[in-house]
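Below, chains carry the letters A, B, ... as their sequence lines are ordered, and counting in each starts from 1.
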Protein chains: 2
Amino acid sequence: MNDSVSRTGNVTLEEIARAAGVSPSTVSRILNGTARVSDAKQQAVEKAIAEFQYQPNVLARSLASGRTHTIGVLTQAIASPFYGEWLRGIEDTLREPGLTPLFVSSHWSPEEEAARLEQLLARRVDGVIVLHGQISEDLLVRYSARAPLVVLGRSLAPRASLACLPIDNEAGARDATEHLLGLGHRHIAFVAGPPDHGDSIERLVGYRSALADAGVAFDESLVVQADFTEAGGFRAMERLLDAAPHLTAVFCSNDQMAYGARLVLYRRGIRVPEDVSLVGFDDLPTSVYMTPPLTTVRQPTYEIGCLAARAVVQLIRGETVTMDPIPLTLEVRETTQSCAARPALDRASNTVAG
Amino acid sequence: MNDSVSRTGNVTLEEIARAAGVSPSTVSRILNGTARVSDAKQQAVEKAIAEFQYQPNVLARSLASGRTHTIGVLTQAIASPFYGEWLRGIEDTLREPGLTPLFVSSHWSPEEEAARLEQLLARRVDGVIVLHGQISEDLLVRYSARAPLVVLGRSLAPRASLACLPIDNEAGARDATEHLLGLGHRHIAFVAGPPDHGDSIERLVGYRSALADAGVAFDESLVVQADFTEAGGFRAMERLLDAAPHLTAVFCSNDQMAYGARLVLYRRGIRVPEDVSLVGFDDLPTSVYMTPPLTTVRQPTYEIGCLAARAVVQLIRGETVTMDPIPLTLEVRETTQSCAARPALDRASNTVAG
DNA sequence: TTGTAGGCGTTATCAC
DNA sequence: GTGATAACGCCTACAA
């Protein structure tokens, strides 16, 4: 019933100009600080703006200026706990230069990744940050021709409007594995992520290389594939315990899977870390509150988010950006302990009644 | 160096029209299905679009049509684990009607809430969803005149372009408290959220009313204020244990604080649930993976998100929307158990060496 | 310093 | 069916 009537807020720059007795351009200048304006007119305009509660139309502004002051951020699923700190870093850093992040999810589908990128470009975002993507490097380069682009976890050669932030997953995984080896573990299980996922692959490589360096034979039965989710970690741990009862430690290639694994161990009465040591990867904010606090490979996600945001800003300014690989650090907490003699299942039957 | 050159993707509707030998209006019609067009021209235009990889400029389109197909979503902090499922529900539901969510954070500041809302309106969003806000009802009503507005956790009278989704925090808190009372607990501590936070207040009320109904005297020393964060829950639990060692159960008014509390209990060697029962509120996705799995009041956040999204769509269509209060359900898991005789500290000193 | 005029890329209202 | 023509609300030379 109250359509054009109540949908106010449609005061335009022109009306302000009229009310203040100046030309539209003068109002625009005051709004953008584009040029000096006489005090008298300045005052008149500001008064009118306040009076009419004028809000410039962002759309019109962007259309005319060609800049939207918006940065597209592509994630697999913005609601995942995994992305929290990243987004926070991006959001915080983008605020100061007056940019608004536009978060979109591609839901683990390469096709949707491309579709979302197209959508972002159709919105004429000033730049794009791609947080993990399976999208081909070729396509990335192509997209970077349409808007400055920052990608995480790749190591493409830097270009005029493309920047990469490689993350050393392999070294992180190696550190974690070496930590367990150093504690005397020899039967270290590995819960892998999706087989076609870059991070997942690199972490597996790190695990294997640490084993190899330590002269520990790779045991196929100790590696099980999962999908980076808690439920996946749960199932993986069950399979593992059934197939490889001799394991004394488990390295999950992300924290969410470690949560799932932890639950299986609890259910079976297997103590952590007394009976089995557990290591995660990512250091999600809640991992330090696990019982006991989870030993894990820390990714400085908040800081990475900040870096990525700063990088797009630089690209937009036309600068070329080169970023050093991000080092990951092992956070030794309380789920790891030196290896006990007996394998997991023996211990379990000692510990629990049913 | 490569400015206007490489920033392609700037094919316009007009160029397509020229290439296809038709007028811009015809192209527009085909794009929007606004009217029937002869097959010949249809084909020609589609060919040109494919050839030029034409992408309509969303900005221009919105400016001309007055609709942005964008819904603003205001949260306190989009990166919080608390919002994950909400956002997912909203995102999923908005996709089908072709709407894009625009997520913004107000960082617990009422002023920023207003600022962000203004910003969303300046972007001419087609509607707004406010997930928790301390913003005054007055202001909400005012904003709803500028765009259809859906608010969670309020119970304002429904209007032409305002819908509320009340959430029965009080009943949820009462259920949880009654659960503990039913298990024989009489010294039930309560970890509250921010004192000026609506949800927080309602949950405290529920706790108190359950105690009163059961004839259990309210013990001031058992209630401690915190801030809905893990760290806050940690500190609160420490204070609690020092000040009220006779407690046998703790009800944290959100899961994040329960995580913090859990860690303190672990540190002090107090077993959960054998020595102390623990209850949370929200049922975050990871709560079921706690050790042991957390008993908590479940908010069907994903579903609420869907409801809210559906509500804005209805409002936009001009319908009036009334939503029933969301019922919360107690998820009894493994952190609660019938009350033991001895108070916490006694038990702790029995259990732990240091 | 200030105003005028044209343009940004679409949609929408007309006639034809 | 199709095509001019005028918005949409702002920016930006250009001119004064």
**Student:** Assess whether a salt bridge exists between Glu15(A) and Arg18(A), defined as any Lys/Arg side-chain N lying under 4.0 Å from an Asp/Glu carboxylate O.
**Tutor:**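 Here Glu15(A) does not pair with Arg18(A) in a salt bridge, since their nearest N and O are not under 4.0 Å apart.
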**Student:** How would you give the extent of chain B contacts on DNA chain D, as first and last nucleotide 5' to 3' within a 4.0 Å heavy-atom cut-off?
**Tutor:**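 Nucleotide range in contact with chain B: dG1(D) to dG9(D).
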**Student:** Consider side chain to side chain contact (heavy atoms under 4.5 Å, CB included). Of Leu149(A), Ile90(A), Leu165(A), which one does Ile129(A) pass it with?
**Tutor:**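 With Ile129(A) as partner, side chain to side chain contact (heavy atoms under 4.5 Å, CB included) holds for just one option, Ile90(A).
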**Student:** Has Ser65(B) got a side-chain N or O lying under 4.0 Å from the OP1 or OP2 atom of dT11(C)?
**Tutor:**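 The answer is no; no side-chain N or O of Ser65(B) sits under 4.0 Å from OP1 or OP2.
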**Student:** Between the side chains of Gln119(A) and Arg116(A), does any donor sit under 3.5 Å from an acceptor?
**Tutor:**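 A pair is found: one side chain offers a donor N or O, the other an acceptor, under 3.5 Å apart.
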**Student:** Cut-off 3.5 Å, side chains only: do Thr26(A) and Ser23(A) have a donor facing an acceptor?
**Tutor:**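 Indeed, the side chains of Thr26(A) and Ser23(A) share at least one donor-acceptor pair under 3.5 Å.
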**Student:** Would you please classify the geometry between the Phe228(B) ring and the His197(B) ring as parallel, tilted or perpendicular, with 30° and 60° separating the classes?
**Tutor:**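 Taking Phe228(B) first and then His197(B), their aromatic rings stand perpendicular (interplane angle over 60°).
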**Student:** Over how many whole Å does the gap from Arg67(B) atom CZ to dG9(C) atom C1' extend?
**Tutor:**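 In whole Å, dG9(C) C1' and Arg67(B) CZ are 19 Å from each other.
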**Student:** Regarding Leu63(A), tell me which of base, sugar-phosphate or nothing describes its non-hydrogen contacts under 4.0 Å with the strands shown.
**Tutor:**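 Base, at least one base atom sits under 4.0 Å.
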**Student:** Would you state whether a donor and an acceptor, one from the side chain of Thr12(B) and one from the base of dT10(C), lie under 3.5 Å apart?
**Tutor:**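 Check fails, no donor-acceptor contact within cut-off.
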**Student:** What's the angle between the local helix axes at either end of the helix from dT1(C)-dA16(D) to dC16(C)-dG1(D), using five pairs per end and rounding to 10 degrees?
**Tutor:**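 Between the axes fitted at each end of the helix from dT1(C)-dA16(D) to dC16(C)-dG1(D) lies an angle of 40°.
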**Student:** Identify the heavy atoms of Arg154(A) and Leu140(A) that sit nearest to each other, and give their distance.
**Tutor:**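 Taking every non-hydrogen atom into account, NH1-CD1, 3.5 Å.
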**Student:** Over how many whole Å does the gap from Leu59(A) atom CG to dT10(C) atom P extend?
**Tutor:**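 Roughly 13 Å, once rounded to whole Å.
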**Student:** Expressed in angstrom and rounded to an integer, what is the separation of His69(B) atom NE2 from dT11(C) atom C1'?
**Tutor:**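 That distance rounds to 11 Å.
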**Student:** dT10(C) P sits how many Å from Arg123(A) CZ, rounded?
**Tutor:**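 Rounding to the nearest Å, CZ of Arg123(A) and P of dT10(C) are 15 Å apart.
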**Student:** Round to a whole Å and report the spacing from CZ of Arg124(B) to C1' of dT10(C).
**Tutor:**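 My rounded result for the distance is 17 Å.
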**Student:** Please state whether the rings of His132(B) and Trp86(B) are parallel, tilted or perpendicular, taking 30° and 60° as the class boundaries.
**Tutor:**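 It falls in the perpendicular class, over 60°.
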**Student:** Rounded to the nearest 0.5 Å, what separation is found between the OG1 atom of Thr100(B) and the NE2 atom of His69(B)?
**Tutor:**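 So the gap between those two atoms works out to 9.5 Å.
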**Student:** Write down the distance between CG (Asn57(B)) and C1' (dT11(C)), rounded to a whole number of angstrom.
**Tutor:**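 Value for this atom pair: 13 Å.
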**Student:** Could you tell me whether Arg88(A) and Glu91(A) make a salt bridge, using a distance below 4.0 angstrom between a side-chain N and a carboxylate O?
**Tutor:**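 Here Arg88(A) does not pair with Glu91(A) in a salt bridge, since their nearest N and O are not under 4.0 Å apart.
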**Student:** Under 4.0 Å between a Lys/Arg side-chain N and an Asp/Glu carboxylate O for Arg146(B) and Glu118(B)?
**Tutor:**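 Salt bridge flag = yes for Glu118(B) with Arg146(B).
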**Student:** Going by number, which of residues 28-42 of chain A have a non-hydrogen atom under 4.0 Å from DNA chain D?
**Tutor:**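 The stretch gives Ser28(A), Arg29(A), Asn32(A) as the residues lying under 4.0 Å from the strand, ordered by number.
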**Student:** Below 4.0 angstrom from OP1 or OP2 of dG3(C), is there any side-chain N or O of Ser25(A)?
**Tutor:**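 Ser25(A) to dG3(C) OP1/OP2: no side-chain N or O under 4.0 Å.
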**Student:** Base, sugar-phosphate alone, or nothing: which one does Pro24(B) contact when heavy atoms must sit under 4.0 Å apart?
**Tutor:**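 Nothing, no nucleic acid heavy atom in range.
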**Student:** Is there a donor-acceptor pair under 3.5 Å between the side chain of Ser62(A) and the backbone N or O of Val58(A)?
**Tutor:**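 A pair under 3.5 Å: yes.
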